[in-house]
Amino acid sequence: MMTTSTNQSDHVFDLKISTGDGSSPKYSYMPLSPVARSPKHGVLSRANLSLMILLFGVGVLLGGMSNHLRLPKAPESVPKINRFHPSLRKDDADDSLKVAFLMSFPNSGTSYTSRLVRTVTGHNTASNYGLETPGEDGKSAPVFDFSPEGPFWSQPTDARITRPTKGYLLTKTHCGGRCDKCSTDKYIETHQTFLQRCLEGEYTTGDGSGGLQVLRGHYDKSMVRKAVHLIRDPFDNIVSRFHLAHNRLKKRGHNKSVEKYSKSREGFRAFCSDLAETYRSDEEESRFYADVLDDAKEVPCHADFFRYVQWHNLAFATTWDLGIPAMILHYENYTTNFMETKHLLLEFLDQEDNNPPPEFIMGKTYRDYFTEDEVHAVNRMFSKLALETTWNHTKHYFY
C-alpha cells in the first residue's frame, strides 16, 4: 500500500510504500521535483526551474551559490535498485501502446537495454532515429499511424520479434547537449530546447518522385508517459565516447588521426588535449564555465564531463516537468543485480518476461586513464554543477 503525506507549509510530498507485513518495501520513490526547497530559497517552482536553467545552463548560480539550492542530504550510499519518480497522471489505465523514453547520454548502455527488452519480451522497441533502422523499402517505419514523424520501430525487418500493442514502448532518445567536438553555443541547452531534442530525430521517407529523402521529425510530448533514465560511471562514459570518435575517424579513413588517437590512455589524453586547445578561448569567454574552469581545465575531455552533468540535470528536469514516472537505471546494475534489474524494468514497462536474456558483458573500466588529482577535480566540478538529484545518483562514482 502506498501512502502520501503532505506538509502544507512547503508543499513537498512524502510518498511511502507499505508492504503490510513489516518487510522492506519493494520500491523506493523519489520526490517529484529534481530540485526542492532549501531554508533560504523556499520551493523552486517549474517556472523558476526554467528560468534557472535558461540563465545559468546547468546550475552555476552567481559564482558558486548553487550549493544553496541543494536538497536535504541523501543517504550515504546510492541504492543499486532502480528508483521511480511517482506520477500525477491518472490517464494510463487504458490498454493502448504508450511511449516510454529510453533516455541516455550516448554510450551509457542504450544498445544493450533495448536488446534486452526485445529479446526477453519477443517484442520490438522504438527509436527517435528512424534513419538508423530503415525498413526493406529504405523508409523508416513509424510506430503510430497518427504520428508519421516518430517514433520509429527499431528493428522493422526482424521477423523474430513482434510489434507490441499494449504496455509501454521503450523508445531510444539521446535528447540534446551531447556533441563531442563543438563550441559551447552548440551544447548549452535550456530544459525547453533539451525536451525538444528528446522528441525529435532524423528519418527516411519518400520524396514524392520514387526516391528517398531524409527529414527531421518531431512528435508530441503528450505521447510520452514514462521514462527509463540510464546512468553510467562518468569516467567510463567519457572514455567510451572517445572510442566512438576513434571509430568514426577510422570509418572515414583518417589514418593519421587514428594512429595519433589510439584506443589507449595515451591516445585518449592526446585527443582530449587537442580538443581543449581548440576550444580554450571559447570556454574562457563562456559565463557557464566561470565557476568551474580553473578546476576543470586540466582534466582530460573536461567539456564532456560538463556536458554529462548538464545532460543528466536536464533529463531529471524534463521527466519532472512532464510529470511522468522515471526509472533510474545505473549501468552497473546489470553486473551487480541483473535479475532484479531486468524484472523491475519489465514491470515498469508492463511487458512480459518470455525468453532468456542476452548475455551482458561488462565493459572495461577506465579510471586509470585519469590521475587522482583529476578525479578530485571532476568531483568538485560535479558538486558545483549538478542538481541534487543528479549528485545523489552519481556521487558514489567518486567514493
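Each residue takes its place number in the sequence, starting with 1.
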Q: For the residue pair Y334 and F360, categorise the inter-ring angle as parallel (less than 30°), tilted (30 to 60°) or perpendicular (more than 60°).
A: tilted
Q: Run the numbers on L345 and T113 for side chain to side chain contact (heavy atoms under 4.5 Å, CB included), then give the verdict.
A: CA-CA 9 Å; L345 177 60; T113 303; 4.1 Å; yes
Can you tell me how far [atom2] of [Y] sits from [atom1] of [X], rounded to the nearest 0.5 angstrom?
X	Y	atom1	atom2	answer
L169	K226	CG	NZ	13.0 Å
L322	H191	CG	NE2	8.0 Å
L212	T204	CG	OG1	6.5 Å
L385	W391	CG	CH2	11.0 Å
K342	N337	NZ	CG	12.5 Å
Y219	T171	OH	OG1	5.5 Å

Q: Verify side chain to side chain contact (heavy atoms under 4.5 Å, CB included) between C182 and R307, making sure each step is shown before the conclusion.
A: CA-CA 11 Å; C182 51; R307 287 186 283 265; 4.1 Å; yes
Q: Would you list the pairs meeting side chain to side chain donor-acceptor pair (under 3.5 Å) in which at least one residue belongs to residues 254-265, sequence neighbours left out?
A: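 The answer is N247-K263, K260-D274, Y261-D274, S262-S264.
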Q | Selection residues 356-367 - residue pairs positive for side chain to side chain donor-acceptor pair (under 3.5 Å), sequence neighbours left out | A |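 Of all non-adjacent pairs touching residues 356-367, those that pass side chain to side chain donor-acceptor pair (under 3.5 Å) are D233-R367.
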Q.
Run the salt bridge (Lys or Arg N to Asp or Glu O under 4.0 Å) test on K166 and D350 for me, step by step, so that the C-alpha distance in whole Å, both residues' side-chain angles and the decisive distance to 0.1 Å come before the verdict.
A. CA-CA 8 Å; K166 62 181 180 178; D350 196 18; over 6 Å; no
Quick check on the hydrophobic clustering: are [X] and [Y] connected, directly or via other members, by side-chain heavy-atom contacts under 4.5 Å?
X	Y	answer
L249	F242	yes
I238	V375	yes
F146	Y203	no
V99	F152	no
Y112	I161	no

**Q.** Stepwise salt bridge (Lys or Arg N to Asp or Glu O under 4.0 Å) check, K172 with E132
**A.** CA-CA 11 Å; K172 171 184 171 181; E132 298 176 350; 3.1 Å; yes
Does the ring centre of [Y] sit less than 6.0 Å away from the ring centre of [X]?
X	Y	answer
F235	Y369	no
F305	F370	yes
Y289	F306	yes

Check: [X] side chain, [Y] main-chain N or O, donor-acceptor pair, under 3.5 Å:
X	Y	result
S273	R269	no
N124	R163	no
S127	G130	no

Might you point out which heavy atoms bring [X] and [Y] nearest each other, and give the distance in Å?
X	Y	result
S104	H174	O-ND1, 2.8 Å
N354	T121	ND2-O, 2.9 Å
N237	N107	ND2-O, 3.2 Å
A100	L349	CB-CD2, 3.8 Å
T119	P356	CG2-O, 3.4 Å
N128	P151	OD1-CB, 4.3 Å

Within a strict 4.5 Å, meaning less than it, do heavy atoms of the [X] and [Y] side chains meet?
X	Y	answer
Y399	N379	yes
P300	F271	no
T110	L102	yes
Y308	T394	yes
L344	M327	yes
D304	F105	yes
H246	F268	no
E283	K297	no

Indicate whether any N or O donor in one side chain lies under 3.5 Å from an N or O acceptor in the other, for [X] and [Y].
X	Y	result
E189	T193	yes
S209	D207	yes
T125	S114	no

**Q.** Passing option when D180 is tested against R241, R248, K186 for salt bridge (Lys or Arg N to Asp or Glu O under 4.0 Å)
**A.**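 Running salt bridge (Lys or Arg N to Asp or Glu O under 4.0 Å) over R241, R248, K186 with D180 returns exactly one hit, R248.
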Q.
For a side chain to side chain contact (heavy atoms under 4.5 Å, CB included) check, start with the C-alpha distance between Q351 and L170, then their side-chain angles and the critical distance, and finish with the verdict.
A. CA-CA 10 Å; Q351 298 289 344; L170 193 65; over 6 Å; no
Q | Within 6.0 Å of CD in Q213, more than 12 heavy atoms from elsewhere | A |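 Enclosed: over 12 neighbouring heavy atoms sit under 6.0 Å from CD of Q213.
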Q: Please list all pairs passing the disulfide (SG to SG under 2.5 Å) test where one or both residues lie in residues 209-250, with sequence neighbours left out.
A: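 Residue pairs passing disulfide (SG to SG under 2.5 Å), neighbours aside: none found.
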Q | Summary of disulfide (SG to SG under 2.5 Å) pairs that have at least one residue in residues 195-290, sequence neighbours excluded | A | C175-C198, C272-C301
**Q.** Other ILVMFWY residues reachable from Y129 by side-chain steps of under 4.5 Å
**A.**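 Via sub-4.5 Å side-chain contacts, Y129 links to none.
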Q | Residues K384, D295: salt bridge by 4.0 Å N-O rule | A |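 Salt bridge: yes.
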Q.
The criterion is salt bridge (Lys or Arg N to Asp or Glu O under 4.0 Å); which residues satisfy it with E200, sequence neighbours excluded?
A.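 E200: salt bridge (Lys or Arg N to Asp or Glu O under 4.0 Å) contacts with R197, R216.
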Q: Run the numbers on D185 and S183 for side-chain hydrogen bond (donor to acceptor under 3.5 Å, both in side chains), then give the verdict.
A: CA-CA 6 Å; D185 64 305; S183 56; 2.3 Å; yes
Q: Determine, step by step, whether H312 and F316 satisfy the ring-ring contact (aromatic ring centres under 6.0 Å, His included) criterion, reporting the C-alpha distance in whole Å, the side-chain angles of both residues, the deciding distance to 0.1 Å, and the verdict.
A: CA-CA 6 Å; H312 287 290; F316 280 116; 7.1 Å; no
Q | H229 and H393: CA distance, side-chain angles, deciding distance, ring-ring contact (aromatic ring centres under 6.0 Å, His included) verdict | A | CA-CA 11 Å; H229 179 167; H393 281 281; 7.8 Å; no
